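Naming: A, B, ... by sequence-line order, numbering from 1 per chain. All values reported here derive from a predicted model rather than from experimental measurement.
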Amino acid sequence: VSRAQRDDWITRYHDGELGRLGRWRARRRLARDAAARAEKQRLEALGGWLRQHDGTSATPDLWPGIRAALDAAPAARPAAVPSAWRPRPDLRWLDLRWVGGGLAAAAAVALAIVWTGGNAPEKGAIRWLDARGRPLMVLQDDADATIIWVPEAPSDAGSAEGRRVAV
Amino acid sequence: VWRCRGRGASALVAALVLALLAAPAALAAPKPPKEKGAKAGKTEKTGKAGTRVGLDVTLVQVSSGGAGGPGVDPRAQRFDAILGKQLRYDRMRVVKKLHRDVRINEIWRISLPTGRRFQVRPLNLNSSGVLLAVDMDESAQGDFRVPRGRPVVFGGSPYEDGSLVIIVEPDY
């Protein structure tokens with residue numbers, strides 16, 4: 001383990017960023033690595049020193065002067081916009097009944113997807129079909145039946161009339 | 001692991017136990033089948049080899065014109081309701097009715113009265129139905145996902161004075 005890596009996990013251990021397993025490993029490493037223990041103590045000392053520091057700043061507080069200047073200049077504020085022209089989003093179209101209905105529909109769709117496992121059943125039965133270069137007609141492929149017609153003679157293929165095939 | 005002490009060791013042991021318990025469940029989880037191209041040597045492995053699928057195969061002859069008036073064999077009334085919407089014929093009669101419990105991946109070869117051969121092979125079975133690989137001799141082949149009670153109909157071969165229609169229907 002390089003020194004940079006060691007400093008990194010000591011810092012993360014000190015800052016409480018490690019998980020349970022990481023903390024356990026860190027404790028074991030600290031127990032057998034004197035340099036690591038020294039680094040951890042250095043970090044703790046640095047933290048203590050920072051906590052002792054009072055945090056006061058030598059910068060003067062300018063806020064009272066700024067506030068006084070703002071109060072003294074009301075004319076600089078933008079004129080109040082009449083309420084009819086106020087740029088406010090128009091939400092009148094947002095009918096709560098429609099919103100509720102939409103949410104209910106979305107929930108129903110989500111439930112249906114979960115219920116069916118995300119796989120909508122396919123209506124047709126055909127998954128793969130090869131007529132080996134011959135003419136082939138799929139007359140029907142739905143929830144009732146699948147009908148495949150492979151005409152033997154050319155005259156058969158030409159005798160289709162409307163949707164019904166003449167035999 | 002046995003030398004570990006404290007909460008970290010407990011968490012590690014718990015994680016290992018959970019992983020061991022979850023592994024068989026993950027392995028047993030069903031995988032979505034790949035259906036396309038199953039005929040081309042990509043046979044599915046999801047069906048259990050011992051599973052049997054009941055298959056009904058009905059050979060029907062439909063014909064038009066010629067001698068004899070129109071009529072439908074009483075045993076073919078249900079198929080007439082299906083085929084009559086798509087095919088124009090005067091007569092329908094049942095030539096042969098077959099049933100067999102076919103194992104997954106077993107090929108059921110049926111000799112047709114036309115002299116040709118019809119082969120059907122269940123590839124797997126799931127909640128959507130049975131995946132059937134069908135081979136019509138020198139005619140067409142395909143894969144079909146067929147639920148119970150929904151027939152798959154193949155026709156077009158000349159037979160006597162009409163055409164032979166093969167109706168395959170799972171009954172499991």
If hydrophobic clusters are built by linking Ile, Leu, Val, Met, Phe, Trp and Tyr wherever their side-chain heavy atoms come under 4.5 Å apart, do B:Phe154 and A:Val138 end up in the same one? yes

State, yes or no, whether a side-chain contact exists between A:Trp149 and B:Val165 at a heavy-atom distance under 4.5 Å. yes

Counting only heavy atoms not in A:Arg25, do more than 12 fall under 6.0 Å of its CZ? no

For B:Arg148, all residues meeting side chain to side chain donor-acceptor pair (under 3.5 Å), sequence neighbours excluded: none

Measure across A:Ala131 and B:Ala140 and return the closest heavy-atom pair with its distance rounded to 0.1 Å. CA-CB, 4.0 Å

Got a second to check how far A:Ile126's CD1 is from B:Arg145's CZ, nearest 0.5 Å? 14.5 Å

Could you state the interatomic distance from CG (B:Leu83) to CD (A:Gln140), rounded to the nearest 0.5 Å? 8.5 Å

Do A:Asp144 and B:Lys85 come within less than 4.5 Å of each other through their side chains, counting heavy atoms only? yes

Determine the minimum heavy-atom distance between A:Leu139 and B:Gln86, stating which atoms define it. O-OE1, 3.3 Å

Among the clusters formed by ILVMFWY side chains lying less than 4.5 Å apart, do B:Phe118 and B:Ile107 turn up in the same one? no

Per-residue contact mode, A:Ile147 against chain B (heavy atom under 4.5 angstrom): both

A:Asp142 with B:Arg150: basic N within carboxylate O range, under 4.0 Å: no

The side chain to side chain donor-acceptor pair (under 3.5 Å) partners of A:Asp33 (sequence neighbours excluded) come to none

